[in-house]
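Take a look at the structure set out below.
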Number of protein chains: 2
Amino acid sequence: MKEGPDIAQIGALIGDPARANMLAALTGGRALTATELAGVGGITLQTASSHLAKLEAGGLLAQRKQGRHRYFTLADEAVARLIESMMGFAAGRGHLRHRPGPKEPALRKARICYDHLAGDYGVRMLDSLIASGSIAAVGDGLALTEKGENDLKGIGIDVGALKSSRRPLCRSCLDWSERRAHLAGSLGKALLSSFLDKGWARRTAESRSILFSPEGDRQFLRLFPVEG
Amino acid sequence: MKEGPDIAQIGALIGDPARANMLAALTGGRALTATELAGVGGITLQTASSHLAKLEAGGLLAQRKQGRHRYFTLADEAVARLIESMMGFAAGRGHLRHRPGPKEPALRKARICYDHLAGDYGVRMLDSLIASGSIAAVGDGLALTEKGENDLKGIGIDVGALKSSRRPLCRSCLDWSERRAHLAGSLGKALLSSFLDKGWARRTAESRSILFSPEGDRQFLRLFPVEG
DNA sequence: TTCATAGTTCGATCGTAACCGAAACATCGC
DNA sequence: GCGATGTTTCGGTTACGATCGAACTATGAA
């Protein structure tokens with residue numbers, strides 16, 4: 001009766017609370033050191049080291065040594081998608097550690113999800129792009145329209161270059177705090193990058209939240225209006 | 001630092017080999033008894049009972065008691081999607097228990113995936129529907145075209161009724177054996193049901209494989225041609 | 001009623017994995 | 001070279017959970 005892929009192995013890898021916390025933290029897209037990850041896992045450095053070795057052996061993490069630090073990241077986007085999808089699932093069942101109250105308002109307003117914008121602002125951006133006809137929602141998926149391609153060129157996104165990569169251009173990502181879709185894929189990444197480059201927003205040191213400057217906030221809301 | 005949904009809990013639930021085997025077996029869509037599940041898990045009934053209780057408490061399983069049997073199924077489609085997505089992920093990393101050789105040829109040709117057709121035939125059906133313009137592939141997602149709606153009515157699928165349900169009509173499902181997409185969603189389910197109703201194919205007793213009759217095979221291949 | 005089958009609960013055993021202290025190893029700045 | 005910081009390895013403890021035998025409950029059949 002044993003057939004098919006071995007999901008128990010990766011389930012067990014994710015199943016330890018300390019490891020799950022580390023993976024969730026790395027969903028922030030930023031590379032973190034072993035010491036930092038020990039912090040988020042609530043364990044000592046030695047224990048963290050052993051966990052990280054297991055995660056790496058299981059193919060979930062990649063590490064890059066740089067000087068006397070060791071930076072860990074998720075192995076690739078597939079891992080990020082897996083983690084996010086499990087978060088979505090868990091959130092749907094009410095397996096929450098904190099009730100989704102108004103805590104951490106900055107995190108709910110705008111945060112990074114691997115490499116693109118999530119939270120309130122992420123949802124707003126996608127809604128606005130769909131309303132303006134820049135992105136078409138068909139079934140589960142998303143597609144950039146010609147209008148969208150032109151509009152995005154206007155704000156400095158080189159869509160041609162993104163198209164040539166083999167990573168999907170548009171992807172919808174369901175996030176746990178909003179329970180609504182926001183824009184992932186290379187286009188989602190490019191948009192967030194452009195906001196950061198323009199100085200409209202910046203990442204915070206120790207959290208997944210994205211802080212918009214007053215000016216950036218104004219520009220963002222102007223660029224992605226929503227009716228109502 | 002503790003924020004967001006608790007993925008460790010469900011990871012741990014899936015992380016035990018016996019439980020993972022049970023869940024994988026239930027991906028077949030058929031309700032199984034505790035004794036049958038003990039069999040696929042390779043454990044005694046007592047142990048299985050304890051595992052099943054945990055899975056139910058975790059919201060992954062639902063049970064229906066019927067006479068002196070207790071039938072277990074996956075709690076809902078979301079669970080099925082989660083398991084399949086983990087299988088897809090694991091398969092992509094080569095975490096296979098069996099090398100994907102030509103073993104179990106019937107399983108690779110046609111099998112059930114929760115409630116729709118997967119395997120070689122599942123992939124062929126979706127390819128053919130796309131090639132004939134019945135279904136449009138846009139980005140990640142799938143959408144039924146007007147032509148497709150008419151064509152399907154011709155073979156006895158009541159698309160109108162499906163549309164009114166809140167379950168998505170078309171969904172693409174990536175399966176581990178082919179590594180290619182096949183058709184899920186209520187339409188995928190309806191198509192498989194119609195094949196079974198027409199007597200073109202039948203489910204086997206103890207496996208996920210679907211057996212086509214010689215006549216059913218002929219009809220299926222005629223209905224869903226592929227060039228090449 | 002009695003027997004057989006299906007399943008759960010209890011209790012005890014056992015193995016494994018998480019954990020941390022201490023020490024070793026590596027890299028940087030001086 | 002030296003000490004300081006970051007990380008891994010080793011050894012030993014501990015705790016949890018998977019496992020199964022045995023007893024118990026529930027349903028159906030004779």
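Residue numbering restarts at 1 for every chain, and letters A, B, ... go by the order of the sequence lines. Only heavy atoms go into these numbers, but all of them, side chains included; no hydrogens, no water, no symmetry mates.
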Atom-pair distance ([atom1] on [X]; [atom2] on [N]), nearest Å:
X	N	atom1	atom2	answer
A:Gln9	C:dA17	CD	P	12 Å
A:Leu45	C:dA18	CG	P	17 Å
B:Leu32	C:dA6	CG	P	14 Å
A:Arg19	C:dC19	CZ	C1'	12 Å
A:Ile43	C:dC19	CD1	P	6 Å
B:Glu56	C:dG7	CD	C1'	13 Å

- Query: From A:Ile155 CD1 over to A:Gln219 CD, what is the distance, rounded to the nearest 0.5 angstrom?
  - Reply: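 If I round to the nearest 0.5 Å, the distance is 10.5 Å.
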
- Side-chain N or O of A:Arg70 closer than 4.0 Å to phosphate OP1/OP2 of C:dT27: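 For C:dT27, OP1/OP2 do not have a side-chain N/O of A:Arg70 under 4.0 Å.
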
- For C:dC19, take OP1 and OP2 only and decide whether either is under 4.0 Å from a side-chain N or O of A:Thr47.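 So the side-chain polar atoms of A:Thr47 never come under 4.0 Å of the phosphate oxygens OP1 or OP2 of C:dC19.
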
- Task: Give the nucleotide from the list C:dC20, C:dA6, C:dT8 with an atom nearest to the side chain of B:Thr35.
- Result: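 Nearest nucleotide to the side chain: C:dA6.
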
- Identify which nucleotide among C:dT27, C:dT8, C:dA18 has an atom closest to any side-chain atom of B:Ala34, counting heavy atoms from C-beta outward.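 That would be C:dT8.
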
- Query: Is the closest side-chain heavy-atom distance between A:Phe220 and A:Met125 below 4.5 Å?
  - Reply: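 They are in contact (side-chain heavy atoms under 4.5 Å apart), so the answer is yes.
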
- Message: Check whether A:Arg111 reaches the backbone of A:Ala118 with its side chain - one donor and one acceptor, N or O, closer than 3.5 Å.
- Response: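 Between the backbone of A:Ala118 and the side chain of A:Arg111 there is no qualifying donor-acceptor contact (under 3.5 Å).
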
- Item | A:Val79 backbone acceptor or donor facing A:Asp76 side chain under 3.5 Å |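 Checked: pair present.
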
- Query: Could you give the start and end, 5' to 3', of the contact zone on DNA chain D for chain B, using atoms under 4.0 Å from its heavy atoms?
  - Reply: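 Terminal contacting nucleotides, 5' to 3': D:dA18 to D:dG28.
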
- Please test A:Tyr121 against A:Phe224 for ring pair (Phe, Tyr, Trp, His ring centres under 6.0 Å), starting from the C-alpha separation and ending with a verdict. CA-CA 9 Å; A:Tyr121 271 35; A:Phe224 303 107; 9.4 Å; no

- Polar contact flag, side-chain donor to acceptor under 3.5 angstrom, B:Thr47-B:Ser50: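 There is no such pair (donor and acceptor under 3.5 Å, judged by atom type) between the side chains of B:Thr47 and B:Ser50.
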
- Query: Below 4.0 angstrom, N of the basic side chain to O of the carboxylate: do B:Glu84 and B:Arg81 qualify?
  - Reply: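 Not counted as a salt bridge, because no side-chain N and carboxylate O are separated by less than 4.0 Å.
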
- Query: For A:Lys65 and A:Ser50, take the nucleotide of DNA chain C holding the closest heavy atom to each; which residue's nucleotide lies nearer the 5' end?
  - Reply: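 Result of the comparison: A:Ser50.
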
